[in-house]
Amino acid sequence: MSVATLTSTEPRKWTPMSMRTGLIARKRGMIALWDDNGVRFPVTVLQLENCQVTANVKSIRRDGSEYHAVQVAASDRPEKTTTAQMLGHFNRAGVPPKRIVREFAVTSDAHIPVGTTLSAIHFVPGQFVDVIANSIGKGFQGVMKRWHFKGLRASHGVSKAHRSAGSTGAHQDPGRVWPGKKMAGRMGNKRITTQNLTVVRIDTQLDLIFVRGHVPGVDDAQVLIKDATKKMLSLGKAAAEKGLIDKVLPKGVTDLPFPAGTADMAMLYPPIIEALSSRTTSPFIPRE
Amino acid sequence: MLPRAFRGTARLFSTERLAYPFSSKITTPDPPYESPPESLYHGKGLMEHLHKTLPTPEKQELLATLFSHKHPDRIRPGSVLRVKMEHAPTSFAGVLLAVRRRGVDTSFVLRNIVEGTGVEMQFFANSPHLKEIKVIRDHTGKRGGRSVRRAKLYYLRNSPEKMTAFASGVTD
């Protein structure tokens with residue numbers, strides 16, 4: 001696995017075929033916002049904690065195709081609690097030691113100089129993002145909660161099996177339980193992706209990203225945020241191939257910071273940017 | 001890379017910021033202050049800070065007086081309020097059943113009997129559509145009001161006689 005070296009520093013432009021890096025943030029909590037029509041909607045507050053680039057990854061697969069990625073790290077940790085191996089890695093990148101290090105797949109034009117501090121300005125209010133985190137752990141749970149089984153009757157002769165799974169298979173054929181049979185077990189604390197959440201507001205002063213809706217995980221959990229695969233990347237590519245320039249990006253969004261929105265870029269623009277409603281009419285005015 | 005405290009002072013003033021080039025459908029509200037305390041960058045007290053600073057100054061004052069726990073002018077369950085709104089119905093009056101204090105998400109429920117049908121409406125204090133809240137009858141025995149011994153008066157849903165005692169003759 002070799003590290004890509006960046007040669008030029010001229011400004012690069014986003015194209016529909018590019019894939020940008022994502023960010024690592026902390027889920028801080030939920031709050032409500034009101035849009036310009038006066039509609040209330042719930043938002044989750046995500047905060048970047050010194051999110052920096054620690055490496056650029058380029059590797060060639062056996063069939064000759066290339067894999068490119070940007071390695072991002074966040075949440076400073078004391079040197080005392082960092083292993084020597086990781087300390088060396090962070091020293092090489094020129095960043096303080098971090099708690100979480102993750103990689104985001106990108107296209108070859110989206111590599112970022114190592115050591116760059118990323119900012120909330122990376123995401124544009126009005127765009128869609130996928131948010132990935134570990135869901136809240138529920139412990140050992142029964143089939144009704146874990147797999148939405150119906151259970152058995154509450155009365156009419158059912159003996160001590162009201163919440164059980166019932167039968168687990170057929171008879172002599174196959175004479176066993178299929179692998180993967182849904183049964184009781186540990187539930188939660190697994191990686192979950194919530195797709196197509198709208199970014200409604202960014203605050204570059206406190207590095208906050210407000211996304212509309214729910215995000216997996218507990219408060220202060222580490223989450224990964226990236227451009228939505230379905231509503232941004234796939235739709236953008238398809239629209240670009242057909243030549244529909246207006247449908248490449250969501251309504252109102254004209255461009256994306258490329259290769260990334262950095263802390264230096266954040267100082268150029270207003271600190272708080274909020275998206276207007278994507279609706280054309282107000283829902284409070286009855287239609288004719 | 002400049003340390004964070006230094007970064008704040010190195011910023012351009014708000015009048016010197018460039019126009020945001022990545023989206024056309026945006027607004028740029030002003031931040032509460034130029035340099036926030038260091039603890040907010042680590043998320044300590046961040047949600048409380050947002051609950052205090054996201055509402056407009058008028059709404060912040062409303063939350064600090066009518067919806068506080070201790071203010072002498074706070075609204076109390078059992079009083080009858082009239083609320084004026086931007087959207088239909090432009091005016092609604094009723095008995096205050098419950099106040100749900102959640103910072104920016106604070107809301108309250110009014111109940112009234114409108115043309116023989118019990119109607120409850122929940123209003124969010126921070127909503128831009130909420131124009132005015134006026135107390136018509138007090139929660140105490142004065143001004144034709146009644147005193148209560150509960151924070152949430154959901155028992156009035158099953159008690160038309162008590163509803164009449166609270167809100168007889170109250171119309172929008």
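Contacts classified as side chain to side chain donor-acceptor pair (under 3.5 Å) and involving residues 125-134 of chain B (residues at least two apart or in different chains) are not found. Among residues at least two apart or in separate chains, side chain to side chain donor-acceptor pair (under 3.5 Å) pairs with a member in residues 157-171 of chain B are Glu120(B)-Arg157(B), Ser159(B)-Glu161(B).
Contact annotation for Leu54(B): only side-chain heavy atoms (C-beta onward) come within less than 4.5 Å of a heavy atom of chain A. Heavy atoms of Phe123(A) lying under 4.5 Å from chain B belong exclusively to its backbone. Residue Leu249(A): no heavy atom, backbone or side chain, is found under 4.5 Å from chain B. For Val45(A), the part lying near chain B is the side chain, with the backbone staying farther off; criterion is any non-hydrogen pair under 4.5 Å. With a 4.5 angstrom heavy-atom cutoff, Leu40(B) touches chain A via backbone and side-chain atoms both. For Leu256(A), the part lying near chain B is the backbone, with the side chain staying farther off; criterion is any non-hydrogen pair under 4.5 Å. Proximity to chain B is limited to the backbone of Ser277(A), based on heavy atoms less than 4.5 angstrom apart. For Ile285(A), no part lies near chain B; criterion is any non-hydrogen pair under 4.5 Å. Heavy atoms closer than 4.5 Å to chain B are found in both the backbone and the side chain of Pro257(A).
Counting heavy atoms from C-beta on, the side chains of Arg20(A) and Val106(A) never come closer than 4.5 Å. Using a 4.5 Å heavy-atom threshold, the side chains of Pro29(B) and Glu274(A) count as touching.
Counting heavy-atom pairs under 4.5 Å between each of Asp220(A), Asp36(A), Leu208(A) and chain B puts Leu208(A) at the top. Taking chain A as the reference chain and counting heavy-atom pairs below 4.5 Å, the highest number among Pro36(B), Ser23(B), Ser24(B), Pro55(B) is found for Ser23(B).
Side-chain atoms of Gln47(A) and Arg26(A) form no donor-acceptor pair, as typed in the model, at a separation below 3.5 Å. A side-chain donor-acceptor contact under 3.5 Å links Ser18(A) and Asp109(A).
By a heavy-atom distance cut of under 4.5 Å, His87(B), Val104(B), Asp105(B) are the residues of residues 87-112 of chain B near chain A, going up by number.
Cation-pi check for Arg40(A) over Phe124(B) is met; the charged atom lies under 6.0 angstrom from the ring centroid and within 45 degrees of its normal.
Remark: Val39(A) engages Asp35(A), Asn37(A), Pro283(A), Phe284(A) in a side chain to side chain contact (heavy atoms under 4.5 Å, CB included) (not counting sequence neighbours).
Using the six-membered ring where Trp is involved, Tyr33(B) and His49(B) have ring planes that are tilted, between 30° and 60° apart.
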Derivation and outcome, salt bridge (Lys or Arg N to Asp or Glu O under 4.0 Å), residues Asp255(A) and Lys13(A): CA-CA 9 Å; Asp255(A) 196 9; Lys13(A) 202 81 177 62; 2.9 Å; yes
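In this structure, Glu86(B) places its CD atom where more than 12 heavy-atom neighbours from other residues, nucleotides or ligands lie under 6.0 Å away.
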